[in-house]
Amino acid sequence: MWDVVIAVLITLVIAVPVSALAAINYRKKVVEAKIGNADEKAREIIDEALKTAETKKRESLLEVKEESIRTKNELDKEIKERRAEAQRYERRVQQKEENIDKKADAIEKKEASLAHREETLAKQREEISKLNEQRLQELERISGLTSEQAKDYLLKIVEDEVKHETAVMIKEMESRAKEEADKKAKEYVVTAIQKCAADHVSETTISVVQLPNDEMKGRIIGREGRNIRTLETMTGVDLIIDDTPEAVILSGFDPIRREVARIALEKLIVDGRIHPARIEEMVEKAQKEVEVMIKEEGEAATLEVGVHGIHPELVRLLGKMKFRTSYGQNALKHSIEVAQLSGLLAAEMGLDVRMAKRAGLLHDIGKAVDHEMEGSHIQLGVELCRKYKESPTVINAVESHHGDVEAQTLIACLVQAADTISAARPGARRETLETYTTRLKQLEDITNNFKGVDKSFAIQAGREIRVMVVPEQINDSDMVLLARDISKQIESELEYPGQIKINVIRESRVIDYAK
């Protein structure tokens with residue numbers, strides 16, 4: 001038993017290593033076979049890769065060669081083009097150089113020609129100057145005049161010609177301007193005057209109070225004249241009681257005081273009780289009535305003209321102008337007339353009618369206080385308008401309506417024209433004899449001072465001045481300039497309403513006798 005087991009074990013011990021060795025040899029052969037196959041595949045792959053790389057290398061070399069050939073061709077082409085362009089530039093430069101050379105030659109020839117001409121001209125100038133000297137000497141010898149005398153003569157001829165041409169030009173321009181402007185201006189002014197109708201009362205320095213009978217004169221005088229003295233003291237007006245039947249005359253330069261005295265005296269006459277205490281009472285009532293009347297007159301003037309929004313103090317001053325006059329023309333009526341004319345003219349010209357009326361109504365507002373305050377009515381009017389916040393247009397119209405300040409708006413010009421129309425209308429104003437004669441004398445003195453004037457005569461109440469000139473000193477051309485100079489001097493030195501016509505007369509007379 002144990003032998004079998006031992007034999008088996010020995011067999012197993014021997015068989016196991018042998019089988020293991022056989023197995024290892026078998027696996028070794030299999031592995032070596034696989035390795036041999038892998039090496040062959042690897043060599044095949046490497047061969048194929050080498051072949052592919054060689055092929056790629058050849059293709060790349062071919063592409064590089066082709067690209068280099070193409071680039072070389074392009075460079076050759078570009079080089080050829082640039083060479084051609086450079087050749088063209090060279091040809092152009094050569095042509096320009098040739099042209100410059102030709103021009104330089106031409107310029108040299110011209111310079112030589114000019115130099116020759118200058119030499120010739122210099123010689124000719126010398127010859128001409130010699131000939132001019134000879135000609136002047138010959139002319140002086142023939143005419144008997146020196147060159148300076150001849151120059152004076154020529155200058156006088158030229159001066160006369162220029163003066164004549166200037167006079168003709170002025171005459172033509174004036175006639176043309178008159179033809180163009182007169183028609184429209186006349187239409188505007190005539191239309192405005194036709195539409196405006198204003199009443200005028202000739203104001204004086206006296207007022208007349210009618211009495212029921214002559215016995216009332218004694219009662220007005222009172223015992224020892226106490227009543228008349230009280231009345232004169234309270235009102236500041238002189239009472240003239242003379243032989244005039246049933247009438248007492250009130251005399252004074254202040255129309256407001258005269259009106260207060262007139263109302264007070266009429267109330268006393270109606271009441272019948274005339275004594276100093278009653279006189280004082282009636283004068284106070286009359287003063288209040290006049291104040292109310294002044295306010296009402298101012299308001300009525302603004303309503304009549306159609307101007308609203310004026311400061312109440314200016315309205316009151318307008319009412320005071322009812323008792324002011326200028327050369328006999330009522331100041332309030334004149335202002336109303338100027339306002340209406342200004343509005344009508346503004347309507348004709350398409351301007352602001354309300355502003356024109358406002359400026360026309362207030363243009364003489366300074367006359368309401370010029371007897372109480374220092375300064376002209378223009379200065380006072382401007383101060384009042386500024387004080388009560390009137391517009392710059394109104395202020396400019398007030399300060400420029402007599403030409404003291406330049407008019408800055410068309411409305412101011414219209415107020416000037418309307419003021420002149422209202423003042424220059426025949427019968428609107430009156431002058432004292434002394435003022436009238438002084439103005440006529442000033443007109444004649446101004447014209448007589450001009451050179452070449454023989455005599456001058458102011459006619460048509462100073463609306464025209466006729467100037468007689470010396471024919472030998474003033475010719476037809478000088479007459480136009482003389483008339484213009486006279487008009488300018490009259491405008492600058494005199495104040496007058498309307499316009500003055502300057503009529504220059506020149507006549508030549510030849511007298512002979514048949515024997």
Review point. If we only count heavy atoms from C-beta on, is the Glu390 to Arg358 side-chain gap below 4.5 Å?
Key: yes
Exercise for review: Before giving the answer on salt bridge (Lys or Arg N to Asp or Glu O under 4.0 Å), spell out for Glu464 and Arg466 the whole-Å C-alpha distance, their side-chain angles and the decisive distance to 0.1 Å.
Suggested key: CA-CA 7 Å; Glu464 181 180 349; Arg466 290 188 180 176; 3.2 Å; yes
Point to revise | Any side-chain heavy-atom pair of Gln489 and Ile446 under 4.5 Å | key: yes
**Study point:** Carboxylate-amine/guanidinium proximity below 4.0 Å for Arg262 and Glu259
**Key:** yes
Revision key, fill the gap. Looking only at heavy atoms, the pair that brings Ile294 and Arg316 closest together is CG2-O, 3.1 Å
Check your understanding: Does a side-chain N-to-carboxylate-O contact under 4.0 Å join Asp485 and Lys488?
Key -> no
Exercise for review: Give the intermediate values and the outcome of side chain to side chain contact (heavy atoms under 4.5 Å, CB included) for residues Asp454 and Val469.
Suggested key: CA-CA 5 Å; Asp454 185 17; Val469 299; over 6 Å; no
Check your understanding: Can you tell if the side chain of Val283 reaches within under 4.5 Å of the side chain of Leu231, non-hydrogen atoms only?
Key -> yes
Exercise for review: Identify whether the distance between the nearest side-chain nitrogen and carboxylate oxygen of Lys387 and Glu313 falls below 4.0 Å.
Suggested key: no
Check your understanding: Less than 4.5 Å apart, any side-chain heavy atom of Met216 and any of Ile274?
Key -> yes
Exercise for review: Start with the C-alpha distance between Asp352 and Thr393, add both sets of side-chain angles, then the distance that settles side chain to side chain contact (heavy atoms under 4.5 Å, CB included), and finish with yes or no.
Suggested key: CA-CA 11 Å; Asp352 189 345; Thr393 302; over 6 Å; no
**Study point:** Interatomic distance, Gln442 atom CD to Thr447 atom OG1 [nearest 0.5 angstrom]
**Key:** 11.5 Å
Exercise for review: Look at Lys123 together with Glu118 and state whether they make a salt bridge at an N to O cut-off of under 4.0 Å.
Suggested key: no
Review point. Phe457 and Met468: which non-hydrogen atoms are nearest, and at how many Å?
Key: CE1-CG, 4.1 Å
Exercise for review: Could you pull out the closest heavy-atom pair between Gly343 and Val353, with the gap in Å?
Suggested key: O-CG1, 3.8 Å
**Study point:** Value rounded to 0.5 Å, distance of CE in Met293 from CD1 in Ile263
**Key:** 4.0 Å
Review point. Is the shortest heavy-atom distance from the side chain of Glu291 to the side chain of Lys288 under 4.5 Å?
Key: no
Review point. Taking Asn227 for the side chain and Arg219 for the main chain, is one N or O donor matched with an acceptor at less than 3.5 Å?
Key: yes
**Study point:** Check: His363 ring centre within less than 6.0 Å of His377 ring centre
**Key:** no
Study note, to complete from the structure: One should read off an interatomic distance between Ile411 CD1 and Leu345 CG, to the nearest 0.5 angstrom, of 11.5 Å
**Study point:** Thr302 vs Leu361, side chain to side chain contact (heavy atoms under 4.5 Å, CB included): CA-CA, chis, key distance, verdict
**Key:** CA-CA 8 Å; Thr302 58; Leu361 185 64; 4.1 Å; yes
**Study point:** Side-chain (Lys267) to main-chain (Met282) donor-acceptor, under 3.5 angstrom
**Key:** no
Practice item. Using side chain to side chain donor-acceptor pair (under 3.5 Å) as the criterion, point out the one residue from Asn449, Asn448, Asn503 that pairs with Ser456. Key: Asn448
Practice item. Might you point out which heavy atoms bring Ser251 and Ile240 nearest each other, and give the distance in Å? Key: CB-CD1, 3.9 Å
Practice item. Please check if the side chain of Glu406 supplies one atom and the backbone of Ser400 the other of a donor-acceptor pair under 3.5 Å. Key: no
Practice item. Identify the heavy atoms of Cys385 and Ile395 that sit nearest to each other, and give their distance. Key: CB-CG1, 3.9 Å
Review point. Can you name the nearest heavy-atom pair linking Val338 to Ala418, along with the distance?
Key: O-CB, 3.7 Å
Review point. Are any non-hydrogen side-chain atoms of Lys333 and Lys322 less than 4.5 angstrom apart?
Key: no
Practice item. Could you give me the CA-CA distance, side-chain angles and deciding distance for Val208 and Gln210, then say whether side chain to side chain contact (heavy atoms under 4.5 Å, CB included) is met? Key: CA-CA 6 Å; Val208 179; Gln210 297 296 326; 3.7 Å; yes
Exercise for review: With rounding to the nearest 0.5 Å, note down the distance linking CG in Leu384 to CG in Leu317.
Suggested key: 6.0 Å
Practice item. May I ask you to decide if Leu239's main-chain N or O and Glu232's side chain share a donor-acceptor pair within less than 3.5 Å? Key: yes
Exercise for review: Give, for atom CD of Glu284 and atom CE of Met234, the distance between the pair rounded to the nearest 0.5 Å.
Suggested key: 6.0 Å
Review point. Do Leu362 and Val307 come close enough that some side-chain heavy atom pair is under 4.5 Å?
Key: no
Review point. Is the shortest heavy-atom distance from the side chain of Leu211 to the side chain of Ile220 under 4.5 Å?
Key: yes
Review point. Hey, are Ser335 and Asp364 close enough side-chain-wise for a donor-acceptor pair under 3.5 Å?
Key: no
Exercise for review: To the nearest 0.5 angstrom, please state how far the CD1 atom of Ile490 sits from the CD1 atom of Ile465.
Suggested key: 6.5 Å
Review point. Is Arg117 salt-bridged to Glu119, going by a charged N under 4.0 Å from an acidic O?
Key: no
